[in-house]
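One structure below.
Predicted model only: the values in this text are computed from it and were never measured. Below, chains carry the letters A, B, ... as their sequence lines are ordered, and counting in each starts from 1.
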Amino acid sequence: MKGAYLYKAPRGTTDILPAEQGYFRYIEERAADICQCYGYKRIDTPLFEDSRLFVRTIGPGTDIVEKETYSFEDRSGQGMTLRPEGTAPICRAYLEHGMHNLPQPVKLYYFAAIFRYERPQKGRYRQHQQFGFEALGEGDPALDAEVIEMAWRFFKSLGLRKISMKVNSIGCRLCRPPYLEKLTEYYSEHIDQMCPECKARFRKNTLRLLDCKKPLCQDTAAGAPKSVQHLCPECKEHFKSVSSYLRLLRVPYKKDHRLVRGLDYYTRTVFEVQPKDEGGAQSALGGGGRYDDLIGELGGKPTPAIGFATGIERIVLNLKEQGIKPPVSDAQGIYVAYLGHEGKAEAVKLTAELRRAGMLVHWSFGNKSLKSQMRQANALGAEFAFIFGEDEVRNGTVMYRDLVEGDQWEVPIDEVVNLLTQV
RNA sequence: GUGAGUGUCGCCUAGUGGUUAAGGCGCCAGGUUGUGGCCCUGGAGAUCGAGGGUUCGAAUCCCUUCACUCACCCCA
């Protein structure tokens, strides 16, 4: 039958079926709890934005903008893009709503569908869900540390083990260009020993050379000049300060001079949470960093900011691998069964009444046999059943059956609600 | 965009040239008059991803194509 259906979910998209929903809700609840503690407020931005917003912020040369966006023209000819990340829209909203007038930093969080046109693989989808938070309008390194600690606590609160926090500083607009020159210089001497991908990276994005996973390239990267050693005095001081706050907060972080983030807008602090036993595949569970120039580039006055984002599907994947199951709700419900037309009429009435009282009630359509109804009650995991047979209807009663213990007794219909409030 | 692997009922799987494609799970219905969970019986459900070819004969061999998966690139 598989091939016979005309329609299927588009490549790289998935249906999140009822059986999976528990994981997502669990993650969302933990996230919301953490945000509440740190004073973050939820924000929702549109699914799509003016295309120029993303070109401007993510960087015109990056893969995301070059070939991974879902872009279209609306009916008036405006270029629109399904959001490929969460930070830029929030900066836009910050400016659009004059949030610089609020007490700084403005702390916002979001759950958002993210779209990137890529070849799907494990933990990577064309449409996926991200949770992220942003603190805008504050440059204090203590905030960097707080954000990193918050991200760390989020993952720990889910019960995730075997994860690590990597931190690095990639400098600012003043000290990064000279560093990149040094890096280019270094790599031009080793370029012939590098893998083909790295040769391409050399021209396109020199920074990325550092995190090539090939052993040979890693050796080369190990000898490469480190960004932290070429920071300007201000950035150096900032990074030092972030580190010391992280120690105060007791976040078990690791400095990783090869950590580079994919988006152009990052400055100074960058960080990433990775599964420890990464099999080479999708190593990033979540990550973020400072973007002190971004809001200025969007036309606002210079405003420092920092944020974090993580992919929900990737978290679910890791939870499953570690055997962590979300807590299940224990709502078992009530089943109302019936025989005959009059029994059905009584069942309709009782079902409605119980539901008005806020209870989970099942009953069946189609005048099935009682056996069939009881089987269904069992399959649905109902705790007990009410049965309206001919006798009960005649007597003005209903059969109350405990499906766990297996015993049953007849009760007057008027006493049903009382009975339930006692249970 | 590149490379590799896989495609048999809703799910998992057997079947590697020969009569009506098999089993498990799940689903539905029965196992005497109105009752679940265990058990038993029966039923529905697959033109074996699609198209073409080889052959007397193909789910099984060949080609093409599509889809999925994994990896690379990149990222969450």
Side-chain angles (χ1 to χ4, degrees), chain A residues 1-5 8-12 14 17 19 27 58 61-68 84-87 111-132 151 155 195-201 204-205 208 211-214 260-263 272-275 279-288 308-318 335 337-340 343 362 364 366 368-393 399-408 410:
Chain A
M1 253 326 194
K2 243 181 210 163
Y5 289 122
K8 4 187 342 182
R11 168 174 285 183
T14 48
L17 300 173
I27 294 165
I58 299 172
T62 53
D63 277 9
I64 292 181
V65 162
E66 246 175 30
K67 50 182 199 190
E68 295 180 1
E85 64 108 26
T87 301
F111 284 94
I114 300 292
F115 301 85
R116 286 181 204 165
Y117 190 90
E118 306 173 273
R119 280 286 278 273
Q121 71 188 67
K122 191 175 188 183
R124 200 173 77 189
Y125 309 95
R126 289 184 172 181
Q127 177 181 343
H128 71 274
Q129 204 74 16
Q130 281 188 14
F131 157 57
F155 289 113
C195 68
E197 286 83 20
C198 279
K199 282 175 181 152
R201 270 190 280 248
K204 226 172 102 186
N205 191 339
R208 292 221 73 92
D211 70 348
C212 181
K213 286 150 199 132
K214 302 226 167 50
V260 244
R261 302 281 306 158
L263 309 174
E272 198 166 286
V273 175
Q274 306 169 352
Q282 278 61 50
S283 55
L285 249 183
F308 162 82
T310 179
I312 309 293
E313 286 82 353
R314 272 185 199 182
I315 296 175
V316 172
L317 214 63
N318 277 270
Y335 195 93
Y338 60 87
L339 284 165
H362 308 285
S364 88
K368 296 190 211 322
S369 71
L370 190 56
K371 183 194 194 96
S372 163
Q373 293 182 67
M374 295 308 290
R375 272 184 179 158
Q376 192 171 40
N378 190 250
L380 288 166
E383 227 168 342
F384 51 86
F386 287 109
I387 304 165
F388 288 103
E390 281 151 27
D391 297 344
E392 288 81 3
V393 171
M399 192 63 79
Y400 171 93
R401 181 173 178 84
D402 185 326
L403 293 174
V404 180
E405 299 302 323
D407 28 66
Q408 61 181 18
E410 210 171 330

- A:Gln130 side-chain N/O to B:rA76 phosphate OP1/OP2 under 4.0 Å: no
- Message: When you measure from the side-chain N and O atoms of A:Arg119 to the phosphate of B:rU69, is any distance below 4.0 Å, counting only OP1 and OP2?
- Response: no
- Message: Going by side chain to side chain donor-acceptor pair (under 3.5 Å), name the residues that satisfy it together with A:Arg201, two or more places apart in sequence or in a different chain.
- Response: none
- Item | All side chain to side chain donor-acceptor pair (under 3.5 Å) counterparts of A:His362, not counting sequence neighbours | none
- Message: Looking at A:Phe111, I want to see if its CZ is surrounded by more than 12 non-hydrogen atoms of other residues, nucleotides or ligands under 6.0 Å.
- Response: yes
Counter-base of [N], judged by Watson-Crick or G-U geometry with both distances under 3.5 Å:
{"N": "B:rA4", "answer": "B:rU69"}
{"N": "B:rU64", "answer": "B:rA50"}
{"N": "B:rC27", "answer": "B:rG43"}
{"N": "B:rA14", "answer": "none"}
{"N": "B:rG57", "answer": "none"}
{"N": "B:rG36", "answer": "none"}

Figure out the [atom1]/[atom2] separation between [X] and [N], and round it to whole Å.
{"X": "A:Lys8", "N": "B:rG7", "atom1": "NZ", "atom2": "P", "result": "15 Å"}
{"X": "A:Arg261", "N": "B:rA76", "atom1": "CZ", "atom2": "C1'", "result": "8 Å"}
{"X": "A:Tyr335", "N": "B:rG37", "atom1": "OH", "atom2": "P", "result": "13 Å"}
{"X": "A:Gln121", "N": "B:rG1", "atom1": "CD", "atom2": "C1'", "result": "14 Å"}
{"X": "A:Phe308", "N": "B:rA76", "atom1": "CZ", "atom2": "C1'", "result": "9 Å"}
{"X": "A:Glu68", "N": "B:rA76", "atom1": "CD", "atom2": "C1'", "result": "12 Å"}
{"X": "A:Gln274", "N": "B:rA76", "atom1": "CD", "atom2": "C1'", "result": "12 Å"}
{"X": "A:Leu17", "N": "B:rG10", "atom1": "CG", "atom2": "P", "result": "15 Å"}

- If every non-hydrogen atom of A:Gly287 is compared with every non-hydrogen atom of A:Arg261, which pair is closest and at what distance? C-NH2, 3.6 Å
Taking the [atom1] atom of each, how far is [N] from [M], in whole Å?
{"N": "B:rC56", "M": "B:rU65", "atom1": "P", "result": "28 Å"}
{"N": "B:rU35", "M": "B:rA29", "atom1": "C1'", "result": "16 Å"}
{"N": "B:rC72", "M": "B:rG15", "atom1": "C1'", "result": "36 Å"}
{"N": "B:rA22", "M": "B:rU16", "atom1": "P", "result": "15 Å"}
{"N": "B:rA58", "M": "B:rC39", "atom1": "C1'", "result": "41 Å"}
{"N": "B:rU6", "M": "B:rC63", "atom1": "P", "result": "13 Å"}
{"N": "B:rU47", "M": "B:rG1", "atom1": "P", "result": "31 Å"}
{"N": "B:rA67", "M": "B:rC48", "atom1": "C1'", "result": "16 Å"}

- Item | Test item: A:Gln129 side-chain N/O and A:Glu313 main-chain N/O as donor-acceptor pair under 3.5 Å | no
Need one value for [X]: base, sugar-phosphate or nothing, where a base atom within 4.0 Å counts as base even if backbone is also close, heavy atoms only.
{"X": "A:Val393", "value": "nothing"}
{"X": "A:Gly406", "value": "base"}
{"X": "A:Tyr125", "value": "base"}

- Query: Where each residue is assigned the nucleotide of RNA chain B containing its nearest heavy atom, which of A:Asp407 and A:Ala379 is assigned the position nearer the 5′ end?
  - Reply: A:Ala379
- Note on the structure: Between A:Lys67 and A:Thr14, whichever has its closest RNA chain B nucleotide further toward 5' is A:Thr14
Please list, pair by pair, any protein nitrogen or oxygen found under 3.5 Å from a nitrogen or oxygen in nucleotides 28-35 of chain B.
{"residue": "B:rA29", "atom": "OP1", "partner": "A:Ser372", "partner atom": "OG", "Å": "3.0"}
{"residue": "B:rA29", "atom": "OP2", "partner": "A:Ser372", "partner atom": "OG", "Å": "3.3"}
{"residue": "B:rG30", "atom": "O6", "partner": "A:Arg375", "partner atom": "NH2", "Å": "2.8"}
{"residue": "B:rG31", "atom": "N7", "partner": "A:Lys371", "partner atom": "NZ", "Å": "2.9"}
{"residue": "B:rG31", "atom": "O6", "partner": "A:Arg375", "partner atom": "NH2", "Å": "3.2"}
{"residue": "B:rG34", "atom": "O6", "partner": "A:Asp391", "partner atom": "N", "Å": "3.0"}
{"residue": "B:rG34", "atom": "O6", "partner": "A:Asp391", "partner atom": "OD1", "Å": "3.1"}
{"residue": "B:rG34", "atom": "O6", "partner": "A:Asp391", "partner atom": "OD2", "Å": "2.3"}
{"residue": "B:rG34", "atom": "N1", "partner": "A:Glu392", "partner atom": "OE1", "Å": "2.8"}
{"residue": "B:rG34", "atom": "N1", "partner": "A:Glu392", "partner atom": "OE2", "Å": "3.1"}
{"residue": "B:rG34", "atom": "N2", "partner": "A:Glu392", "partner atom": "OE2", "Å": "2.9"}
{"residue": "B:rU35", "atom": "O2", "partner": "A:Arg401", "partner atom": "NE", "Å": "3.3"}
{"residue": "B:rU35", "atom": "N3", "partner": "A:Gln408", "partner atom": "OE1", "Å": "2.9"}
{"residue": "B:rU35", "atom": "N3", "partner": "A:Gln408", "partner atom": "NE2", "Å": "3.2"}
{"residue": "B:rU35", "atom": "O4", "partner": "A:Gln408", "partner atom": "NE2", "Å": "2.8"}

- Please list, chain by chain and in numerical order, all residues satisfying ring-ring contact (aromatic ring centres under 6.0 Å, His included) with A:Tyr125, sequence neighbours excluded. none
- Quick one: does A:Phe155's side chain get under 4.5 Å of A:Thr310's, heavy atoms only? yes
- Task: Please name the residue in the list A:Lys67, A:Arg126, A:Gln127, A:Glu68 that meets the side-chain contact (heavy atoms from CB on, under 4.5 Å) test with A:Arg116.
- Result: A:Glu68
- Under 3.5 Å donor-acceptor pair, A:Asn378 side-chain atoms to B:rG36 base atoms: yes
- Message: If you go through the side-chain atoms of A:Arg11, does one of them form a donor-acceptor pair with the base of B:rA67 closer than 3.5 Å?
- Response: no
Would you list the atom pairs, donor with acceptor, under 3.5 Å between side chains in residues 373-382 of chain A and any protein atom, with sequence neighbours excluded?
{"residue": "A:Gln373", "atom": "OE1", "partner": "A:Tyr338", "partner atom": "N", "Å": "3.1"}
{"residue": "A:Gln373", "atom": "NE2", "partner": "A:Tyr338", "partner atom": "O", "Å": "2.8"}
{"residue": "A:Gln373", "atom": "NE2", "partner": "A:Lys368", "partner atom": "O", "Å": "3.0"}
{"residue": "A:Gln376", "atom": "OE1", "partner": "A:Tyr335", "partner atom": "OH", "Å": "2.7"}

- Between B:rC74, B:rA67, B:rG36, which one does the side chain of A:Leu403 approach most closely? B:rG36
- Among all residues two or more places apart in sequence or in another chain, which pass the side-chain contact (heavy atoms from CB on, under 4.5 Å) test with A:Glu392? A:Thr397, A:Met399, A:Glu410
